[in-house]
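Data block below; observations after.
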Amino acid sequence: MSERTDFSSRHLGPSTSDLDLMLAVTGHKSLDELTEAAVPGGIRLPEDLKLPEALSEHSALASLKNTFAKNKVLKSFIGQGYHGTHTPGVIQRNILENPGWYTAYTPYQGEIAQGRLEALLNFQTMVADLTGLPVANASLLDEATAAAEAMSLALASKPKGRAIFVSDRCHPQTIDVINTRAEPIGIEVITGDWQTFTFPDDGSVFAVIVQYPDTRGRIDDFAEFFAKAKAAKAATIVAADMLALTVLKAPGTFGADICVGSTQRFGVPMGFGGPHAGYMSVSDALKRKMPGRIIGVSIDPYGKPGYRLSLQTREQHIRRDKATSNICTAQVLLAVMASMYAVYHGPDGLKSIANKVAGQTRQLASSLIAAGVEIEPGETFDTLVVKVPGKAETLCKAAALQGANLRLIDGDHLGISLDETTESADLDTLCSLFGAQLAETSDPVSFPANLARDTAFLTQPVFNSHHSETEMLRYLKRLESRDLALNESMIALGSCTMKLNATSEMIPLSWPEVAHIHPFVPADQSTGYREMLASLENWLAEITGFAAVSLQPNAGSQGEFAGLLAIRRYHLSRGDTDRNICLIPVSAHGTNPASSVMAGMKVVGVKCDDDGNIDVENLRELAEKHAANLAALMVTYPSTHGVFEETIKEICQITHDNGGQVYMDGANMNAQVGLTSPGFCGADVCHLNLHKTFAIPHGGGGPGVGPIGVAPQLVPFLPGHRELENQTGPVSAAPWGSASVNVISWMYIAMMGGAGLKRATAIAILNANYIAKRLSPFFPVLYSGKDGLVAHECIIDVRPLSDQSGISVEDVAKRLMDYGFHAPTMSFPVGGTLMIEPTESESKPELDRFCDAMISIHSEISAVIAGDSDPTDNPLKNAPHPAHAVCADEWQHNYSRESAAYPLPYLRDHKFWPYTGRIDNVHGDRNLVCTCDSVEAYASASAN
């Protein structure tokens, strides 16, 4: 009988017999003995987690199904940036529900990520074409945060400006998030009517933001207003609806410098607020300051085009506190879905959908007007505002009884937004609410010349070739086959926690009661969602040792910002207006200093000692020096170097003694769960990465969820939302951010239970130490704690071998592709090293396969050192080796084709082929191409 009978045993990689063998390698007799040696005694939890008993997969799904049955799935006409949409089945099954897409990591290693890089280039092209601006990024978190990012981008271009004008006809949640972002850095937000706004003579207004069409549905011509803005040297920002842009004038043609918005209605379900792919496009002058990832085109050594992440030197992991944004990753999986929606429908299909929506909106308007109902005047695309003095709330309730949700604007006005899911029967229902009859209409949809789109879009072959399901299915499969994801092999990226994303955890995402709920529905329609989210918050509070948790931040970067904002607001509530110093270890991830600056703090670096730990005496000196102004210490635990620091409680106490609060970065929480906790260590706030520790997949670079847990004194300062009792300081567009994917973490915790979670942490520590022990004779393990043990990850040092051989850590990373592996985290936090995190989900055979590959690579380096392999023409310098190169008629290398492609026997059974040779990064940045064309066009341009 199989030993794997419950979910926990399915999630954990090593078998019982293999555990004994692995423990023997580490020199320990049991998991308890190992964890007691690795985790400092002073921070080990005295008792087990108080969580419900683990459920089986079937029981957990049944329990969650019962909870979500309490939701009411009505037809939404609320709009306000969220719309019903039809996800094409070929996209739902082959992207959203396909581990080949959702288990991949951010495409840092372009040679084994060409599929999703092409999909993201399609996304950028779609956004650039529709907005009429030349450069777009590969997604942002949501529309509201994208608008806030646009504000920061505009400020960076005009740093002396201190005010931004925001049209009062922008979506309310967007205005709220902009206000949250603006306050800590001293930006004045002027909200009002753009038609009457007068620019001050002092040049203090650095940007303006308008909505197109606006939140009440009206379409305006902003050309004259933008001309005035440019005369005042203010950047012009448009928050635009993607579907509307298929029939309306592109913002770039009427003077927009930056365009932002959401691509949700391109086939991505509402999901009670997310996740959805926000977007940003900019003028050419702003491209090198734009936040988020940018996909570009370069070439490989064989002249073949290759996609890659471009202009990375502008990102937070390089620029740190000088970065314009703390964005790390965004919403890749959802951007891929949106781009494929455009590929599947093509420009004609998108226009057809838009014209149907616009036509139905006009049909409804004429029907209501004929019945004497007053409609707000102006050109509209999909939204009407109906004037019903004193009756708005009553009509909203009446609509709900008939299965429809309307937008309650105020006591006298209702909003009605149509979308691609609207049918004639829906229009009949809406008309009946107002005592109207649906009018017949056959007039073609048209807009005034100053508003109608007059430029072509999506003319590239990819958007005009895959409109049958057969062609679309094969296109998706071709792209998927070019990417290495967790369904292919272990991805041992340090600090990234690429664990199993179990199928049972993913199943609820496709349930209608999860997917098709608008984030602003009345509370009685989202009872199931609220119960699930509340239980998850309570479980996470127990796991972290905190008083409360907020799930609103929709990325780790947003969690950092929200946590630091809570600290800032706490100090201000006590009258400590001068507390603005944030101490950050020099080894910290780049998001830490970037987030602290966003929260209005000044960064002071703390030294690390030779063992990679925080230099406690330097910390004490700095904390005492800045005692009058100390706001916070940001610390990662276990450390960024993969070690449990013995002094963590002392570090927290020093900070508290000098008036500061301790922010713990939860990137390495996978080494804490059930053994210790941020609260028990002494932290005051910690953000988690549910896409790491709690099994939400990385999706190729998003979605993520970055909730924060806080100590009692910080609970009043958690982010609020206008849809919640606490309405202050929202950091995301929706009350619970990317609410729908939280079902994954709920399922994970429910099926693991407290004991399973604790065992998972112990095995994560075992797997890391097993790899460290196996590789240490070949590659020095740079840092370790007491008894020579690491935490859940280890850093191996390639530099000694590089010094002798000229083989770089990048050569090793690229060579691993030939062995079928994604490289570990390269040159972070120490240059010339690899940080390896295997997670608890990997089995001993997979760990051994990886170790065998690394040991084989060591022998290849040794051959260079010994003079047996050419120092410049060897399998490492030329890696990776794509199939077309290995199979070419001519082979001009000093080593065999077999050693290039099949360096170890296991590759004969199954081989993953990199799609390109090594991509030229320098060429890509010097010759920046960020939109798609035909492969032939790229090849021709490269040849020239």
Side-chain angles (χ1 to χ4, degrees), residues 13 103-113 309 317 328-329 483-486 488-499 587 589 612 636 638-643 667-668 670-671 689 692 698 701 764-776 778-784 790-802 807-843 846-858 860-861 876 879-880 912 914:
T103 68
Y105 188 65
T106 304
Y108 288 117
Q109 300 292 341
E111 296 85 354
I112 52 175
L309 294 176
H317 62 279
C328 184
T329 58
D483 286 16
L484 190 148
L486 281 177
E488 173 67 35
S489 63
M490 175 173 75
I491 301 178
L493 282 155
S495 196
C496 298
T497 315
M498 299 291 290
K499 66 170 64 179
S587 62
H589 192 280
T636 301
S639 73
T640 315
H641 296 102
V643 176
N668 293 339
N670 211 49
N689 293 301
K692 295 182 182 181
H698 284 71
I765 293 172
L766 170 63
N767 281 0
N769 279 281
Y770 177 74
I771 284 180
K773 294 296 184 183
R774 276 213 63 191
L775 294 185
S776 59
F778 307 94
F779 301 93
V781 175
L782 196 57
Y783 300 109
S784 61
V790 298
H792 65 308
E793 60 192 9
C794 62
I795 299 176
I796 62 171
D797 196 351
V798 182
R799 292 173 298 180
L801 288 170
S802 296
I807 300 298
S808 68
V809 69
E810 182 180 20
D811 296 329
V812 174
K814 301 304 181 185
R815 181 57 171 157
L816 269 170
M817 298 176 189
D818 290 327
Y819 287 83
F821 284 104
H822 191 295
T825 301
M826 186 173 66
S827 292
F828 175 81
V830 180
T833 66
L834 293 172
M835 181 161 60
I836 305 167
E837 182 186 358
T839 84
E840 71 274 12
S841 299
E842 299 301 339
S843 65
E846 184 72 352
L847 300 179
D848 285 334
R849 196 167 69 93
F850 174 80
C851 290
D852 291 345
M854 288 299 300
I855 293 168
S856 177
I857 287 172
H858 178 273
E860 292 174 345
I861 299 173
L876 294 116
F912 177 87

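Below, all heavy atoms of this structure are taken into account, side chains as well, without hydrogens, waters or symmetry copies.
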Glu846 side-chain N/O to Met490 backbone N/O, donor-acceptor pair under 3.5 Å
yes
Can you sort out the partners of Arg774 under salt bridge (charged side-chain N to carboxylate O under 4.0 Å, His left out), two or more places apart, ordered by chain and number?
Asp848, Asp852
Quick one: does His641's side chain have a donor or acceptor within less than 3.5 Å of a partner on Gly612's backbone?
yes
Spacing of Met854 atom CE and Tyr819 atom OH [to the nearest 0.5 Å]
10.0 Å
Taking all heavy atoms of Asn689 and all of Ala667, pick out the closest pair and write down the distance.
ND2-CA, 3.5 Å
Any chance you could measure Cys496, atom SG, to Met835, atom CE, to the nearest 0.5 Å?
7.0 Å
Answer yes or no: is there a side-chain heavy-atom contact under 4.5 Å between Arg799 and Val830?
yes
Using the rule given for side-chain contact (heavy atoms from CB on, under 4.5 Å), can you reason through Val812 versus Leu801, listing the C-alpha separation, both sets of side-chain angles and the distance that settles it, and then say yes or no?
CA-CA 11 Å; Val812 174; Leu801 288 170; over 6 Å; no
In terms of heavy-atom contacts, Ala671 and Ala791 come closest through CB-CB, 4.4 Å
Expected output: side-chain Asn767 to main-chain Glu842 donor-acceptor under 3.5 Å:
yes
Ser841 side chain to Gly13 main-chain N or O, any donor-acceptor pair under 3.5 Å?
no
Can Thr497 and Glu837 be counted as having a side-chain donor-acceptor contact under 3.5 angstrom?
yes
Side chains of Glu840 and Asn670: donor-acceptor distance under 3.5 Å anywhere?
yes
Nearest heavy-atom pair of Leu816 and Ala853: which atoms, and what distance?
CD2-CB, 4.2 Å
What distance separates Ile796 CD1 from Ile771 CD1, expressed to the nearest 0.5 Å?
9.0 Å
Test your reading of the model: is there a side-chain donor-acceptor pair from Thr833 to the backbone of Ile795, 3.5 Å cut-off?
no
Could you check whether any side-chain N or O of Asp797 sits under 3.5 Å from a backbone N or O of Leu782, counting only pairs where one atom can act as donor and the other as acceptor?
no
Which pair of non-hydrogen atoms, one from Val809 and one from Ser827, has the smallest distance, and what is that distance?
CG1-OG, 3.5 Å
Counting N and O atoms only, with roles assigned by atom type, does the side chain of Thr106 sit under 3.5 Å from a partner on the main chain of Tyr108, one being a donor and the other an acceptor?
no
Start with the C-alpha distance between Tyr105 and Leu486, add both sets of side-chain angles, then the distance that settles side-chain contact (heavy atoms from CB on, under 4.5 Å), and finish with yes or no.
CA-CA 9 Å; Tyr105 188 65; Leu486 281 177; over 6 Å; no
Nearest 0.5 Å, please: how far is SG in Cys851 from NE2 in His858?
13.5 Å
Criterion side-chain contact (heavy atoms from CB on, under 4.5 Å) on Ser495 and Thr640, from CA distance to verdict
CA-CA 8 Å; Ser495 196; Thr640 315; 5.8 Å; no
Before you tell me yes or no, could you show the steps for Phe779 and Leu834 under side-chain contact (heavy atoms from CB on, under 4.5 Å), namely the whole-Å CA-CA distance, both residues' side-chain angles and the distance that decides it to 0.1 Å?
CA-CA 10 Å; Phe779 301 93; Leu834 293 172; over 6 Å; no
Test item: Asn668 side-chain N/O and Pro638 main-chain N/O as donor-acceptor pair under 3.5 Å:
yes
Hits for salt bridge (charged side-chain N to carboxylate O under 4.0 Å, His left out) against Asp811, two or more places apart or cross-chain, chain-then-number order -> Lys877, Arg918
Residue set satisfying salt bridge (charged side-chain N to carboxylate O under 4.0 Å, His left out) with Lys814, at least two apart, ordered chain then number -> Glu111
Looking at CZ of Phe850 and CD1 of Ile836, how far apart are the two atoms once the value is rounded to the nearest 0.5 Å?
4.0 Å
Looking at Met826 and Glu810, what are the two nearest heavy atoms and their distance?
SD-CA, 3.6 Å
Atom CD of Glu488 and atom CZ of Phe821: how far apart are they, to the nearest 0.5 Å?
9.5 Å
So which heavy atom on Ser639 is nearest to which on Glu793, and how close?
O-OE2, 4.1 Å
